[in-house]
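Step one of this worksheet: look at the structure below.
In this chain, numbering begins with 1 at the start of the sequence shown. Remember, it's 1-based here, ligands and their atoms both numbered in the order they're listed. Hydrogens, waters and symmetry mates play no part in the numbers below; they use all other heavy atoms, side chains included.
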Amino acid sequence: MLTNKKIILGVCGGIAAYKAIELLRLLTKAGADVHVIMTRAAQEFVTPLTFQTLSSNPVHTELFNLIAEREIGHISLADQADLFMIVPATANVIGKIAAGIADDMLTTTVMATKAPVLFAPAMNVNMFTNRIYQENEQKLRQLGYLFVDPIRGSLACGWQGEGKLASPESIFEGACAALTAKDLPGRTILITAGPTREEIDPVRYISNHSSGKMGYALARAACRRGANVLLISGPTALTEPDGVRVVNVTSASEMHHEVMAHVGECDVIIKAAAVADYRPLVRNATKIKKKSDSVTIELAKNPDILAELGKIHHRPFLVGFAAETDALAANAEKKLREKNLDMIVANDVSLADAGFNVDTNRALLLFRDGSSSDCGLMSKEQLAGAILDHVAARLKIH
Ligand code: CTP
């Protein structure tokens with residue numbers, strides 16, 4: 001995602017400075033070339049050596065360092081950046097940048113950059129709610145500067161409240177969003193993810209191996225591209241993506257209810273969920289006791305949510321998934337036609353590197369007009385990007 005992106009990471013003096021180290025690791029792991037600038041105060045909390053070791057680049061601390069200035073000075077650093085991040089951003093540095101003050105390496109380089117600038121503020125709750133700070137933040141927002149908002153929690157100063165640095169994962173997500181072209185602006189996309197669970201009794205259920213990873217990757221990717229995302233999720237162990245509305249459901253009939261309740265507001269529906277086709281005809285109110293050597297559970301068919309969506313007259317752009325173990329293309333083609341879809345993502349779930357509960361996938365994309373695209377082996381993140389490239393392109397002509 002961030003391969004070959006040049007990111008400047010400005011670190012200010014605050015106890016949250018140590019979390020910038022974790023962020024740096026996430027950025028470099030994703031392929032970014034990170035150049036760190038530390039303020040003098042930041043060096044009281046963490047050492048430049050840590051950032052230098054993890055970024056494999058020299059750390060900039062002094063504005064008037066003649067050797068560094070000759071090799072990669074603050075202006076060329078500012079020019080080459082794809083993204084400028086300030087983490088943690090103190091009230092002091094935000095105030096200085098809002099006022100146009102450039103009196104150290106960090107503020108001077110920010111002033112000289114044309115790259116998007118993303119702040120992740122961290123400070124005491126009273127500083128955060130102070131009107132001077134709030135006005136500075138508003139001014140910067142209006143000028144197009146980006147923010148990853150702090151969260152509520154216990155602050156290092158002993159207070160409780162807003163002002164705690166957002167998690168490194170949320171800030172990383174903010175960086176990805178800042179570097180993603182907004183080709184789905186204002187589009188409402190409903191995504192279903194994960195398995196459904198059909199209860200047999202209070203302690204047992206029927207389900208499948210879906211982890212939800214594909215649907216969650218789609219939700220994150222759509223959000224980065226500017227869409228309003230509604231994620232209707234079956235039970236998973238995944239963290240809710242930032243900036244996405246999440247509705248948690250358990251059974252197929254709950255998923256059915258939620259999807260139908262929101263269909264009117266959607267431009268696109270992507271059904272990545274592995275919906276259980278059948279549910280026990282009767283759910284026992286109490287735990288079924290072990291008596292006979294064998295039991296028979298009668299199953300009733302669940303509603304086919306996707307097929308029902310396909311029958312709606314003015315329906316959203318519909319993307320289905322086909323989980324197959326044989327005759328991949330033929331079975332997927334049949335589902336595309338029978339469920340009246342615009343596009344179907346076919347994957348062979350019998351392969352070790354595709355389908356359920358792994359981080360990679362191999363997908364064949366089939367379209368209503370008869371065309372197809374073989375995506376080969378890629379991460380679920382990459383596949384989410386490839387699916388949305390097709391959705392964005394086809395939405396224009398839908
Ligand atoms: N789907 C759905 N509601 C169901 C079953 C499936 O909306 N009750 C959707 C899935 O979310 C997926 C697509 O239909 O997008 C195909 O699901 P899949 O399990 O591959 O196929 P089925 O239609 O269930 O057919 P089969 O199990 O016979 O392969």
Checklist outcome for this item: K271 heavy atoms within 4.0 Å reach ligand 1 at atoms 2 (C), 7 (O), 11 (O), 12 (C), 15 (O)
Checklist entry - Using 4.0 Å as the upper bound for N to carboxylate O, is an ion pair formed by K334 and E324? => result no
Next on the checklist: As an exercise, identify every atom of ligand 1 less than 4.0 angstrom from a heavy atom of A322.
Outcome noted: 20 (O)
Next on the checklist: So, 4.0 Å and heavy atoms of A323: is ligand 1 close enough to count as a contact?
Outcome noted: yes
Checklist entry - How about atom 25 (O) of ligand 1: does it have a protein heavy atom within less than 4.0 Å? => result yes
Next on the checklist: Could you identify the single nearest non-hydrogen protein atom to atom 3 (N) of ligand 1 and state the distance to 0.1 Å?
Outcome noted: I305 N, 3.1 Å
Residues 281-301, side-chain donor-acceptor partners within the protein, below 3.5 Å, at least two apart:
from : atom 1 : to   : atom 2 : distance (Å)
R283 : NE     : E199 : OE1    : 2.7
R283 : NH2    : E199 : OE1    : 2.8
S292 : OG     : S294 : O      : 3.1

Next on the checklist: Taking the basic N atoms (NZ, or NE/NH1/NH2) and the acidic carboxylate oxygens, is any pair closer than 4.0 Å for K311 and D304?
Outcome noted: no
Item to check | L306 N/O under 3.5 Å from ligand 1 N/O | outcome: yes
Next on the checklist: Quick check against the 3.5 Å criterion: does R315 have a side-chain atom that pairs as donor or acceptor with the backbone of N340?
Outcome noted: yes
Item to check | Worked verdict on Y133 versus F128 for ring pair (Phe, Tyr, Trp, His ring centres under 6.0 Å) | outcome: CA-CA 6 Å; Y133 170 78; F128 183 70; 5.5 Å; yes
Checklist entry - Salt bridge check: are K139 and E135 linked by an N-O gap of less than 4.0 Å? => result no
Checklist outcome for this item: Looking only at non-hydrogen atoms, the one of K335, K334, M255, H256 nearest atom 18 (P) of ligand 1 is K335
Checklist outcome for this item: If you compare G320, A273, G215, A276 by their heavy atoms, the one closest to atom 10 (C) of ligand 1 turns out to be A273
Checklist outcome for this item: At under 4.0 Å between heavy atoms, what of P303 touches ligand 1? The answer is backbone
Next on the checklist: Counting only nitrogen or oxygen atoms and a 3.5 angstrom limit, does K339 reach ligand 1?
Outcome noted: yes
Checklist entry - Between D277 and ligand 1, is there a nitrogen or oxygen pair with a distance under 3.5 Å? => result yes
Checklist entry - If you measure every N/O of A274 against every N/O of ligand 1, is any gap under 3.5 Å? => result no
Throw together a table of side-chain donor-acceptor distances under 3.5 angstrom for residues 163-179, partners on residues two or more places apart or in other chains.
from : atom 1 : to   : atom 2 : distance (Å)
S167 : OG     : S170 : N      : 3.1
S167 : OG     : S170 : OG     : 3.1
S170 : OG     : D242 : OD2    : 2.8
E173 : OE1    : R224 : NH2    : 3.0
E173 : OE2    : R224 : NE     : 2.7

